[in-house]
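Below, chains carry the letters A, B, ... as their sequence lines are ordered, and counting in each starts from 1.
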Amino acid sequence: MSKEHKDNENKGLLCNFTHEKAGMQGLDREKINKIIHDTSVNTEFFKREQEHIAIVEEKARSMKNRISESLSKGPDFIREINEEIYKIIQEIESERHLSETWIHVDMDMFYASVEIRDNPELADKPVAVGGNSMIATANYIARRYGIRSAMPGFIGKKLCEELVFVKPNFSKYREEGEKIREIFRDFDPDFESMGLDEGNLRVTEYLINNEMNHDEGRQELARIIRQRIKDKTQLPASAGIACNRSLAKIATDMGKPNGQYFIPFDKEQIIEIMSKMNVRKIPGVGKVLEKTLNELGVVTCKDILQKKYELYIAFQAGSFKFLASAALGVGSCYHHETREEQKSISLSRTFASTNNIEEINKYIAEFSREISEQLDEKNAQIKTVSVSLKTYKFEPKSKSETLGRYIYKELDIYEIAIKLYNELAIKEKIRHVGVRVANIIYRRTGAIDDIIEKVSKDPTPKQSSIKCFSQQCPVCNKVFMYTEKRMEIHLKQCLEEQSQKFQPKVVKKQKNAPQPTITLDCFYKKK
DNA sequence: TACATACAC
DNA sequence: GATGGTGTATGTA
């Protein structure tokens, strides 16, 4: 999906947050945009997006101000930054390597390809893998209607009445993905990957060992890899061949669908190819940076070089170097030293907006349990817990806490998570909630008690030990979620606070008894 | 450290 | 009527 995903984004939805892309010339953009707009307008999502765009535009405005201010400082200043830019470009050039070979392979409309392969009747129909709320991938027929991944299904349906929806079957995709990865390993055991259907392979050694370390051999190898994928899975793949990681990825996009593209290992030709490239094609340039650059008059990579003074002033050194490197086609071409361990684990869900505290509570409890299980499997512990949510207005909020100790038990995580959720003190309905843990260490010390506990416990039934309930505090009248322990703590604090105020507050009589205890066991068994 | 943003798939 | 889930990196206060 990599590229397709990036191609579509919210394109069309918000014409001013996007641009026309190659391969879409045949489409009736105006009609498509109108349908998308009419379907979206008046939604909270749309409002939120508009606000977001306004913020990005405002930032771009202040960048422009800074630029014109700086440029009016006079020739000495220009000479100064010219020198600095020159230094950076020299540095970038010193990082240019033309003798490593990278082949990036990406499956074409991966999920849709798998589904069509397994149900050939779909082959000549517009197909979307996903549901009413989100399309994960669309086949090329559907794309002719303007349907893209990351588009909500109901808009897809509006764009094409005959659109066929297929429910995603992730375990199947994982399986197919594993077959592909097995092939990748033959050519580069350390290949890099950002998803199920993609691999970035450094094949320099393979080429040398097989006496094919030349342009023809490089392209031949890409054909071989794609053919092996085809033989093994019956699925089409595209590939890009170039001298560094990022160029290879860009090349894949140029080869799609079901093709490959070779970027010559030659400085002048690389710069020539890149100069025409839209900045959005640069891996790492998303819709916000694209929009910002566009506002500054930068659309293609050539513009990056032409507006180097402006960009140097507007951006931080690191970002400037990133953009200049991309424009010059220079990128890193060795594998990252060590593949690091996972740094965080998170679970989240979107649902119909609600303020039902019990429902939210169930999610938090469930996430805590699942995260704890994952930590068990990894024999890991964590020090940071965060809770995030989105209000019904799509406003994200989050709160996190780093503890002075490591934890991993479901109840420990849950307690912190609930505490954080309560501290967020959200009054509106919410449409999304999530729990994340971070600061992971991959060992457990002094866990003897646990081991004993585990051994003595019957290993079969995996059920929650959390007993929790939502309840109104009789002192402060707030409705909170509690475990028994937390309730005790809160009550104590609450009473203290009240007594400090010296003003015995009139405690409203509760209308009804505390809400019934939610035993999570019920919840899990239901599922 | 805490939080928000941006990005990728 | 309605716009995802998981993970990483980075900027800013």
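- Comparing A:Ser319 and A:Lys390 by the nucleotide of DNA chain C that holds the closest heavy atom to each, the one mapping nearer the 5' end is A:Lys390.
- Relative orientation of the A:Tyr363 and A:Phe351 rings is parallel, given thresholds of 30° and 60° on the angle between their planes.
- The cationic group of A:Arg143 lies under 6.0 Å from the six-membered ring centre of A:Tyr140 and within 45° of the ring axis, placing it in a cation-pi geometry.
- Of the side-chain N and O atoms in A:Lys249, one or more sit less than 4.0 angstrom from OP1 or OP2 of B:dC9.
- An OP1 or OP2 oxygen of C:dG5 is reached within less than 4.0 angstrom by a side-chain nitrogen or oxygen of A:Thr350.
- Within 4.0 Å of A:Lys157, counting heavy atoms only, lies no atom of the nucleic acid at all.
- Looking at the side chain of A:Lys343, the nearest of the listed nucleotides C:dG5, C:dA9, B:dC7 is C:dA9.
- No side-chain heavy atom of A:Ile440 sits less than 4.5 Å from a side-chain heavy atom of A:Glu341.
- The residue among A:Leu403 and A:Arg48 whose nearest nucleotide of DNA chain B lies closer to the 5′ end is A:Leu403.
- Listed pair A:Ser386 / B:dA2 fails the phosphate criterion, with no side-chain N or O lying under 4.0 Å from OP1 or OP2.
- Aromatic rings of A:Tyr312 and A:Phe320 (six-membered ring for Trp) have centroids within the 6.0 Å cut-off, being under it.
- Of the candidates C:dT8, B:dC9, C:dA2, C:dT8 carries the atom nearest the A:Ser344 side chain, counting heavy atoms from C-beta on.
- The distance between atom NZ of A:Lys397 and atom C1' of B:dA4, rounded to the nearest whole Å, is 11 Å.
- Between A:Ser62 and A:Asn65, the side chains place no donor N or O within less than 3.5 Å of an acceptor N or O (distance only, hydrogens not considered).
- When distances are taken from the side chain of A:Ile345 to each of C:dG7, B:dC9, C:dT6, the shortest belongs to C:dG7.
- Side-chain nitrogen and oxygen atoms of A:His52 include at least one within less than 4.0 Å of the OP1 or OP2 phosphate oxygen of B:dA6.
- Comparing C:dA9, C:dG7, B:dA2 by their closest approach to the side chain of A:Thr402 singles out B:dA2.
- Side chain of A:Ser398, nearest nucleotide from B:dT5, B:dA2, B:dA4: B:dA4.
- Distance, A:Arg436 CZ to B:dT5 P: 15 Å, rounded to whole Å.
- Residue contacts shown for A:Thr43 include a base, since a base heavy atom lies under 4.0 Å away.
- In this structure, A:Phe322 atom CZ and C:dT8 atom P are separated by 19 Å, rounded to whole Å.
- Annotation: of the two residues near DNA chain C, A:Gln342 and A:Asn132, the 5′-most nearest-nucleotide partner is A:Asn132.
- Side-chain proximity of A:Asn439 to the nucleotides B:dA6, B:dT1, C:dG5 is greatest for B:dT1.
- Within the structure, every side-chain polar atom (N or O) of A:Lys287 is placed at least 4.0 Å from both OP1 and OP2 of B:dA6.
- Taking for each of A:Ile55 and A:Thr384 the nucleotide of DNA chain B with the nearest heavy atom, the 5'-most of the two is the partner of A:Thr384.
- The nearest whole Å value for the distance from the CZ atom in A:Arg280 to the P atom in B:dA6 is 13 Å.
- Candidate nucleotides B:dT5, B:dC3, C:dT12 were compared by shortest atom distance to the side chain of A:Ser400, and B:dC3 ranks first.
- Nearest to the side chain of A:Ser133, among C:dG4, C:dG7, B:dC9, sits C:dG4.
- For the side chain to side chain contact (heavy atoms under 4.5 Å, CB included) test with A:Tyr111, the passing option among A:Leu196, A:Asn169, A:Val166, A:Ile116 is A:Leu196; the others fail.
- Distance, A:Tyr363 OH to C:dT6 C1': 17 Å, rounded to whole Å.
- With rounding to whole Å, A:Glu58 atom CD is found 15 Å from B:dT5 atom P.
- Candidate nucleotides C:dT6, B:dC7, B:dC9 were compared by shortest atom distance to the side chain of A:Leu347, and C:dT6 ranks first.
- Rounded to an integer number of Å, the gap from CZ of A:Phe394 to P of C:dG5 is 11 Å.
- For an aromatic pair to be called close, the ring centres must be under 6.0 Å apart, and A:His37 with A:Phe46 satisfies this.
- For the pair A:Arg148 CZ and B:dC9 P, the interatomic distance rounds to 14 Å; values are reported in whole Å.
- Relative to the side chain of A:Val288, the nucleotides C:dG7, C:dG5, B:dA6 differ in distance, and B:dA6 lies closest.
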